[in-house]
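Here is the structure we will look at, set down as C-alpha cells.
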Amino acid sequence: QVQLVESGGGSVQAGGSLRLACEASGYTHSRYCMGWFRQAPGKDREGIAAIDSDGRTTYADSVQGRFTISHDTAKNTLYLQMNSLKPEDTAIYYCAADGPSMNAIEALGYIAAQGFDYWGQGTQVTVSS
C-alpha cells in the first residue's frame, strides 16, 4: 500500500523560506515521476514541480527560480525547497507519485494532477506580508 506523508509546512513572512518533505512508503518503482502541487482557497490544484528517476525536473512559471524539487532515493523522500516566498504562495501543498513521463509533462506544457495516482494528505503553507 502506497502512503505519502508531507511535513514541513507552516507560517512564514514574505521573503522567507520553507522546506517541505514527503516520505513515501510502499512506493518502490525504479522508474518514477513525482511532483508537488498546491491548492489555494477557491482555486484549482496547480502543479508546481516534478522530478523523474533520471533527475529531470520541471517547474511552473509561478515558482521557477524560487523553488527546487529533489528526491533522496535512499530515504525515499521527496523535497521542495521554497525560497523568496510570497503571500500568493499561500496554499495547501500536496506531493504526488506515479506520474506520467517527463516527456509527456513537457509536451502538455504543464503538470496535470490527473496524471498522478498517489497523493499525500497535504500540508498548509501560509506566507504573510
Side-chain angles (χ1 to χ4, degrees):
Q1 182 180 356
V2 176
Q3 191 171 16
L4 305 177
V5 180
E6 301 99 335
S7 61
S11 297
V12 65
Q13 288 193 326
S17 298
L18 283 173
R19 187 193 195 203
L20 305 183
C22 172
E23 186 172 353
S25 59
Y27 187 72
T28 57
H29 295 56
S30 59
R31 305 289 298 172
Y32 61 81
C33 181
M34 299 182 74
W36 286 99
F37 293 75
R38 67 185 181 185
Q39 189 164 19
K43 294 190 176 181
D44 293 334
R45 189 166 297 192
E46 175 191 18
I48 57 173
I51 186 169
D52 71 7
S53 49
D54 292 328
R56 294 171 62 185
T57 59
T58 190
Y59 298 91
D61 289 344
S62 57
V63 305
Q64 179 76 48
R66 299 187 298 123
F67 291 9
T68 302
I69 188 171
S70 61
H71 183 259
D72 186 326
T73 303
K75 296 181 179 179
N76 209 6
T77 300
L78 183 71
Y79 298 98
L80 185 69
Q81 178 67 44
M82 306 186 294
N83 298 329
S84 302
L85 283 161
K86 305 174 182 180
E88 51 263 44
D89 294 318
T90 295
I92 298 174
Y93 283 70
Y94 301 88
C95 70
D98 209 28
S101 70
M102 193 62 69
N103 287 342
I105 291 174
E106 292 178 350
L108 188 61
Y110 66 98
I111 307 166
Q114 295 91 325
F116 289 77
D117 291 334
Y118 302 106
W119 292 85
Q121 82 288 350
T123 185
Q124 176 71 46
V125 171
T126 302
V127 184
S128 58
S129 58

What pairs meet the ring-ring contact (aromatic ring centres under 6.0 Å, His included) rule with one or both residues in residues 14-39, with sequence neighbours excluded? Tyr27-His29, Tyr32-His71, Phe37-Phe116, Phe37-Trp119
For Met34 against Ala97, the heavy-atom pair lying closest together: CE-CB, 4.0 Å
Who pairs with Gln124 by side-chain contact (heavy atoms from CB on, under 4.5 Å), at least two apart in sequence or on another chain? Thr90, Ile92, Thr126
How long is the straight-line distance from CG of Asp52 back to OG of Ser101, given to the nearest 0.5 Å? 8.5 Å
For the residue pair Gly47 and Ala60, what are the closest heavy atoms and their distance? O-CB, 3.5 Å
Where do Leu80 and Glu6 land on the side chain to side chain contact (heavy atoms under 4.5 Å, CB included) test, with the steps shown first? CA-CA 10 Å; Leu80 185 69; Glu6 301 99 335; over 6 Å; no
Distance col, row Glu46:CD vs Ile111:CD1, nearest 0.5 angstrom, shows 8.5 Å
Could you give me the CA-CA distance, side-chain angles and deciding distance for Val125 and Arg38, then say whether side chain to side chain contact (heavy atoms under 4.5 Å, CB included) is met? CA-CA 9 Å; Val125 171; Arg38 67 185 181 185; over 6 Å; no
Please round to the nearest 0.5 Å and tell me the distance separating atom CE of Met82 and atom CD1 of Ile48. 7.5 Å
According to a 4.5 Å side-chain heavy-atom criterion applied to Ile, Leu, Val, Met, Phe, Trp and Tyr, with indirect links allowed, do Val12 and Leu20 form part of one hydrophobic cluster? yes
Under 3.5 Å, side chain of Asn76 to main-chain N/O of Ala24, donor-acceptor pair present? yes
Give, for atom OH of Tyr118 and atom CG of Leu4, the distance between the pair rounded to the nearest 0.5 Å. 9.5 Å
Got a sec, which residues hit side-chain contact (heavy atoms from CB on, under 4.5 Å) with Ser128, two or more places apart in sequence or on another chain? Gln13
Taking all atoms of both residues into account, what is the closest heavy-atom pair of Gln121 and Tyr94, and its distance? O-CE2, 3.6 Å
Would a 4.5 Å heavy-atom cut-off, applied to side chains only, mark Phe67 and Leu85 as touching? yes
Quick check: closest heavy atoms across Pro100 and Ile105, and the distance to 0.1 Å? CG-CG1, 3.8 Å
Atom CD in Glu23, atom OG in Ser7: separation rounded to 0.5 Å? 8.0 Å
Using 0.5 Å steps for rounding, measure from the SG atom of Cys33 to the CE atom of Met102. 4.5 Å
Do you know which two heavy atoms are closest between Ser17 and Asn83, and how far apart they sit? OG-OD1, 2.9 Å
Taking every non-hydrogen atom, the tightest pair across Asp89 and Tyr93: O-OH, 2.6 Å
